[in-house]
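Each chain gets a letter, A, B and so on, in the order the sequences are listed, and its residues count up from 1.
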Protein chains: 2
Amino acid sequence: MDGRGKLLKSKQQADVFGRVRKAHQTEVAEDYVELIADLIAAQGEARAADLAARLGVSHATVTNTVQRLIGAGLVESRPYRSIFLTDAGKRLARVVRERHLIVRDFLVVIGVDAETAENDAEGIEHHVSKETLEAFVRMLRKSTSEG
Amino acid sequence: MDGRGKLLKSKQQADVFGRVRKAHQTEVAEDYVELIADLIAAQGEARAADLAARLGVSHATVTNTVQRLIGAGLVESRPYRSIFLTDAGKRLARVVRERHLIVRDFLVVIGVDAETAENDAEGIEHHVSKETLEAFVRMLRKSTSEG
DNA sequence: CACAAAATTTAACCTAGGCTACATCTTTTA
DNA sequence: TAAAAGATGTAGCCTAGGTTAAATTTTGTG
Ligand SMILES: [Mn+2]
Ligand SMILES: [Mn+2]
Ligand SMILES: [Mn+2]
Ligand SMILES: [Mn+2]
């Protein structure tokens, strides 16, 4: 016999893994713009030191990444000054923040405690397709109308 | 006024991001051992070329990563021969495969189509805590008893 | 059994994203 | 207002995970 298990076709599986790798490439950018937007909303400005403390990385790492995000057109900053989002950065931040909240609230609705939901949402958010996000929203609405 | 939004405490948020980074460090190892186990189950052996085709990376990348996994005690291989799992690798593969199926089936149960569920599960699986996985299992059981 | 094809290894290179140590600029405060 | 403290930038280093190209080994076939 050949084929004791049911494997996907090779190319199809390669596409799956490729999608995950692509999601990871945009992940850092998404987390940065979301955090920058949150800091500006809560404190009026986003400083590199705040980002470093909240991301749990060194300030040198933040400097490097911010340079890359400037190159990507998401962020603006002048030397020794705080960090701003471009229009593209603001748009991305809005989408990412919305998605983050949906994923987190969805986890709470299915019975995960708030802190764990926050933890898991931070990673899961980057791997949720439009379609899966819509399924999450349906569950959220159902729970609200039942609640 | 100060604090227009509700931010997590800095250290707590740093822990959240740190957990995601740690998950990403183990992610490649998890995907490899799962795939190696699947190939052995379906085809009797796992060749580097199969891994490369199914992961959508070059065979040189597979060689590099397999060397790292040998160093980590998850995989065994002799030059020019196929790839085997150590006992530790087999144990990890079993856990990872189980988790993968739960995530995928859960997505289907909440209304995501099978192909999208497979796509999203490949990324989400690495960010699902024990507690969230248990919530997924509860939903799966509920749907089975309702079905 | 020789030789062509296929698979694997090796080498040299790249980017992202981490780090530490040190230099420089800005802000606070004595 | 000058020195100390704090924030930011710069330099040099590291690992993971990618790539292509060339060398080598194994495998399959006439
Ligand atoms: Mn995130
Ligand atoms: Mn987030
Ligand atoms: Mn995976
Ligand atoms: Mn991920």
Side-chain angles (χ1 to χ4, degrees), chain A residues 10 14-36 39 43-84 122-123 126, chain B residues 10 14-36 39 43-84 122-123 126:
Chain A
S10 197
D15 289 344
V16 173
F17 283 116
R19 252 179 236 109
V20 176
R21 283 194 297 271
K22 181 170 287 185
H24 285 156
Q25 278 184 351
T26 56
E27 171 156 352
V28 169
E30 291 177 352
D31 287 335
Y32 270 68
V33 297
E34 183 185 4
L35 184 51
I36 291 167
L39 284 169
Q43 306 184 338
E45 67 174 345
R47 312 293 314 236
D50 298 347
L51 289 177
R54 289 187 168 273
L55 292 163
V57 298
S58 71
H59 65 275
T61 295
V62 169
T63 300
N64 287 340
T65 304
V66 165
Q67 286 310 309
R68 194 170 58 83
L69 298 185
I70 289 173
L74 294 169
V75 150
E76 288 172 336
S77 180
R78 296 192 323 287
Y80 295 99
R81 294 271 95 93
S82 64
I83 295 160
F84 301 90
E122 194 58 72
H126 309 282
Chain B
S10 199
D15 289 344
V16 173
F17 284 117
R19 254 179 235 110
V20 176
R21 283 193 297 273
K22 181 170 286 185
H24 284 158
Q25 278 182 351
T26 55
E27 170 156 352
V28 168
E30 291 178 352
D31 286 335
Y32 269 68
V33 298
E34 183 185 4
L35 184 50
I36 291 166
L39 284 170
Q43 307 184 336
E45 67 173 345
R47 311 295 313 237
D50 298 346
L51 290 178
R54 289 188 169 272
L55 292 163
V57 299
S58 72
H59 58 276
T61 295
V62 169
T63 300
N64 287 341
T65 305
V66 165
Q67 286 310 309
R68 193 170 57 85
L69 299 185
I70 290 174
L74 294 170
V75 150
E76 287 172 336
S77 178
R78 296 191 324 287
Y80 295 97
R81 295 269 95 95
S82 64
I83 296 159
F84 301 91
E122 193 59 71
H126 309 282

### Task
Using atom CG of B/Leu69 as one end and atom P of D/dT15 as the other, report the distance to the nearest whole Å.
17 Å
### Integer-rounded Å distance: D/dA16 C1' and B/His24 NE2
13 Å
### Gap between atoms CG and C1', on A/Leu51 and C/dG18 respectively (whole Å)
16 Å
### Task
Round to a whole Å and report the spacing from NZ of B/Lys22 to C1' of D/dA16.
17 Å
#### Entry: From B/Ser82 atom OG to B/Asp50 atom CG, the distance as rounded to the nearest 0.5 Å
9.5 Å
### Query
What distance separates B/Glu27 CD from A/His24 NE2, expressed to the nearest 0.5 Å?
4.0 Å
Extract all donor-acceptor atom pairs below 3.5 Å that involve side chains of residues 53-63 of chain A and protein atoms in other chains or at least two apart in sequence.
residue: A/Arg54; atom: NH1; partner: B/Leu8; partner atom: O; Å: 2.8
residue: A/Arg54; atom: NH1; partner: B/Gln13; partner atom: OE1; Å: 2.5
residue: A/Arg54; atom: NH2; partner: B/Leu8; partner atom: O; Å: 3.0
residue: A/Ser58; atom: OG; partner: A/Thr61; partner atom: N; Å: 3.3
residue: A/Ser58; atom: OG; partner: A/Thr61; partner atom: OG1; Å: 3.2
residue: A/Thr63; atom: OG1; partner: A/His59; partner atom: O; Å: 3.1

Pull out every protein N or O sitting under 3.5 Å from an N or O of nucleotides 25-27 of chain D, one pair per line with the distance.
residue: D/dT25; atom: O4'; partner: B/Tyr80; partner atom: OH; Å: 3.3
residue: D/dT26; atom: O3'; partner: B/Arg81; partner atom: NH2; Å: 2.9
residue: D/dT27; atom: OP1; partner: B/Arg81; partner atom: NH2; Å: 2.5
residue: D/dT27; atom: OP2; partner: B/Arg81; partner atom: NH2; Å: 3.3

### Message
Please report the distance, rounded to the nearest Å, between CD in A/Gln67 and P in D/dG9.
### Response
7 Å
### Task
Calculate the interatomic distance between B/Glu30 atom CD and D/dA16 atom P; express it in whole Å.
16 Å
#### Entry: Sequence-distant partners of B/Ala29, side-chain contact (heavy atoms from CB on, under 4.5 Å), two or more places apart
B/Leu69, B/Leu74
### Query
Within this structure, what is the CD-to-P distance between B/Gln25 and D/dC14, rounded to whole angstrom?
18 Å
### Message
For B/Ala14, give me all partners under side-chain contact (heavy atoms from CB on, under 4.5 Å), at least two apart in sequence or on another chain.
### Response
none
### Query
Excluding sequence neighbours, so at least two apart, what forms salt bridge (charged side-chain N to carboxylate O under 4.0 Å, His left out) with A/Glu30?
A/Arg99
### Query
So, is A/Thr63 near the phosphate of D/dT8, with a side-chain N or O under 4.0 Å from OP1 or OP2?
no
### Task
Whole angstrom is fine here: how far is it from CD in A/Glu27 over to P in C/dG18?
10 Å
Could you list, one pair per line, each protein nitrogen or oxygen that sits under 3.5 Å from a nitrogen or oxygen of nucleotides 18-22 of chain D, together with the distance?
residue: D/dT19; atom: OP2; partner: B/Ser58; partner atom: N; Å: 2.7
residue: D/dT19; atom: OP2; partner: B/Ser58; partner atom: OG; Å: 3.0
residue: D/dT19; atom: OP2; partner: B/Thr61; partner atom: OG1; Å: 2.8

### Query
Which residues satisfy the salt bridge (charged side-chain N to carboxylate O under 4.0 Å, His left out) test with B/Glu45, sequence neighbours excluded?
B/Arg47
### Message
Test of understanding: with side chain to side chain donor-acceptor pair (under 3.5 Å), list the residues that count as partners of A/Asp15, not counting sequence neighbours.
### Response
A/Lys11
### Message
I'd like to check the side-chain contact (heavy atoms from CB on, under 4.5 Å) partners of A/Val28; sequence neighbours left out, ordered by chain and number.
### Response
A/Tyr32, A/Thr65, A/Arg68
